[in-house]
Protein chains: 2
Amino acid sequence: MNAPLSERRQAQLAALTDAAERRIAEGGMASLKARDLASDIGIALGGLYNIVADLDELALRVSSRTLGRLGEALTAASDALPLESKADAVNRLVAIAHAYLHFAKGNLRLWRTLFELRLAEGTALPAWAADDQLRLFRHVAEPLTLLVPDMDEAQQTLAARTLFAAVHGIVTLGLEERLVAVPLTALEAQIEWLVRAACRGLGE
Amino acid sequence: MNAPLSERRQAQLAALTDAAERRIAEGGMASLKARDLASDIGIALGGLYNIVADLDELALRVSSRTLGRLGEALTAASDALPLESKADAVNRLVAIAHAYLHFAKGNLRLWRTLFELRLAEGTALPAWAADDQLRLFRHVAEPLTLLVPDMDEAQQTLAARTLFAAVHGIVTLGLEERLVAVPLTALEAQIEWLVRAACRGLGE
DNA sequence: GCGGAAGAATGAACGTTGTTCAAGATAGAA
DNA sequence: TTCTATCTTGAACAACGTTCATTCTTCCGC
């Protein structure tokens, strides 16, 4: 190997994250095993801890990737629609919510691990991870500023959070399937109803 | 000991469930350790598995209790209000949502374990656990039948699920506090806005 | 080129888990 | 009391994340 070490470590980190992503996509976060990953990328068990502090960091890195792809999906959904009138804003919010649903369904295990991350009680999540999350809220916040321009900004942010959370809840329960399976189109309809109703409720 | 065996096992199961509940309430599901529990109720490690099949069953039993108490909380909130007019129905839905929020906040770790249960992929959850969940939905469904009596029943059930899920999402994200802490009163206001808006959207 | 220091790779070993099981203790019927 | 069925026990096992002394590589100043 004649690649410089720092480059090599970069490559190893990428390979490790790839392997972790693959494992999670196949079997959820429960199948993120140190020994499996080490053999996946052809290193010894202990070598993992030269690349990454612990498995939590690895899960966080995979989550960051997932959030990135989710952000792109929401951006794509947003950019496909005009944003001029208030009606546009509502339509865009519906489109974002639908894109969220489809991303979650299409990346079920990776999407779920976004919320299964349990950082050790005291420790806050790294800044770059927090940024990823805030970026998502902005997708919702942007149409809201058009929809209710008179509302003060803190309230707008809060409303964006609430709307996001509500849709997230519907998607979560809808994709659970533990109790009853809801058809995708029914889920879409429910989301649309709720988003439109919430928007009408915002204008008072 | 002169108590009949079956009685004794019953008592052991109760003591074990108590201990598990206490442990979870203190440190979340991550602190449900076989050895701790065995010593809590004064039996040998292996003895646990004469009382309970595995720790998952124990977590499920604790969850069942929690669901029971949650159901009582929602019932109390419901019964405090009249249910005659459509306005009553909306008020009741708001009250239920608020009661849900307060229960979650007041029983944070126990409430969270309700959704952290990961049954082994294939296995469905026991019937008695499914019943507990359906009973919850009925709290929401009942006012809905008054609010939109013309809607067919399947649609009503779906709407109840959606409304529940939306509120659940808001509560979940609101109590997360990982990103930003939302004051409880702000959370209440957000929930009320969303529930009222959703109800108005239902009547179309 | 080269020799030594700094760092990385290795896999055995540790500590903690949940779960099992052969052996011993105990309860209830005869 | 005695016998059998059952429960209880804690040592043992397997799987896990993580650490560490040892060995090998790589890099830099000469």
Side-chain angles (χ1 to χ4, degrees), chain A residues 1-17 19-24 26-63 113 116-123, chain B residues 1-17 19-24 26-63 113 116-123:
Chain A
M1 305 289 149
N2 44 10
L5 253 187
S6 57
E7 253 180 47
R8 180 170 175 171
R9 263 248 305 257
Q10 205 80 4
Q12 278 182 318
L13 178 58
L16 181 57
T17 313
E21 193 173 21
R22 215 175 317 121
R23 291 268 177 195
I24 291 180
E26 270 171 27
M29 214 171 55
S31 44
L32 205 68
K33 313 276 177 65
R35 284 165 179 81
D36 289 346
L37 292 167
S39 97
D40 278 352
I41 65 172
I43 64 171
L45 176 57
L48 274 192
Y49 299 89
N50 295 328
I51 307 178
V52 122
D54 52 26
L55 289 190
D56 282 357
E57 185 195 322
L58 193 51
L60 216 61
R61 286 189 184 279
V62 172
S63 287
T113 65
E116 283 176 15
L117 290 183
R118 288 267 156 251
L119 316 118
E121 200 64 29
T123 63
Chain B
M1 305 285 152
N2 45 11
L5 254 188
S6 58
E7 253 181 46
R8 180 170 174 173
R9 264 250 303 258
Q10 205 79 3
Q12 279 182 318
L13 178 57
L16 181 56
T17 313
E21 194 172 20
R22 214 175 318 122
R23 291 269 177 195
I24 291 180
E26 268 171 29
M29 214 171 54
S31 44
L32 205 67
K33 313 276 178 67
R35 285 164 180 80
D36 289 347
L37 292 167
S39 96
D40 278 353
I41 65 172
I43 64 171
L45 176 57
L48 275 192
Y49 298 89
N50 296 327
I51 307 178
V52 123
D54 53 27
L55 289 190
D56 282 356
E57 185 194 322
L58 193 51
L60 216 61
R61 286 188 185 278
V62 173
S63 287
T113 66
E116 283 176 15
L117 291 182
R118 288 269 155 244
L119 316 116
E121 200 64 26
T123 63

Quiz item: Is there side-chain contact between B:Ile43 and B:Leu37, with at least one heavy-atom pair below 4.5 Å?
Solution: no
Self-check item: Atom-to-atom span, CZ of A:Arg9 to P of C:dG7 - whole angstrom
Solution: 11 Å
Side-chain donor-acceptor distances from residues 28-36 of chain B under 3.5 Å, at least two apart:
from    : atom 1 : to      : atom 2 : distance (Å)
B:Ser31 : OG     : B:Arg23 : O      : 3.4
B:Ser31 : OG     : B:Gly27 : O      : 3.1
B:Ser31 : OG     : B:Gly28 : O      : 2.8

Quiz prompt | Separation of B:Ile41 CD1 from B:Thr17 OG1 (nearest 0.5 Å) | solution = 8.5 Å
Quiz item: Is any side-chain heavy atom of A:Leu13 closer than 4.5 Å to a side-chain heavy atom of A:Arg61?
Solution: yes
Quiz item: For A:Gln12, what residues pass the side-chain hydrogen bond (donor to acceptor under 3.5 Å, both in side chains) criterion, not counting sequence neighbours?
Solution: none
Exercise. Please state how far atom CZ in A:Arg8 lies from atom C1' in D:dC24, giving the value in whole angstrom units.
Key: 12 Å
Quiz item: Rounded to the nearest Å, what distance is computed from the CE atom of residue A:Met29 to the C1' atom of nucleotide D:dG17?
Solution: 14 Å
Quiz item: Between C:dA27 atom P and B:Asn50 atom CG, what is the distance in whole Å?
Solution: 15 Å
Self-check item: Side-chain N or O of B:Gln12 closer than 4.0 Å to phosphate OP1/OP2 of D:dT8
Solution: yes
Quiz item: Which whole-number value in Å describes the distance from A:Ile41 CD1 to C:dA8 C1'?
Solution: 13 Å
Quiz prompt | Nearest-Å distance for atom pair CG/P, residues B:Leu16 and D:dT8 | solution = 12 Å
Quiz item: Reading nucleotides 13-26 of chain C 5' to 3', which nucleotides get B (base under 4.0 Å from a protein heavy atom), which S (sugar-phosphate only), which -?
Solution: B---BBBB------
Would you list the atom pairs, donor with acceptor, under 3.5 Å between side chains in residues 47-55 of chain A and any protein atom, with sequence neighbours excluded?
from    : atom 1 : to      : atom 2 : distance (Å)
A:Asp54 : OD1    : A:Asp56 : N      : 3.3
A:Asp54 : OD1    : A:Glu57 : N      : 3.0

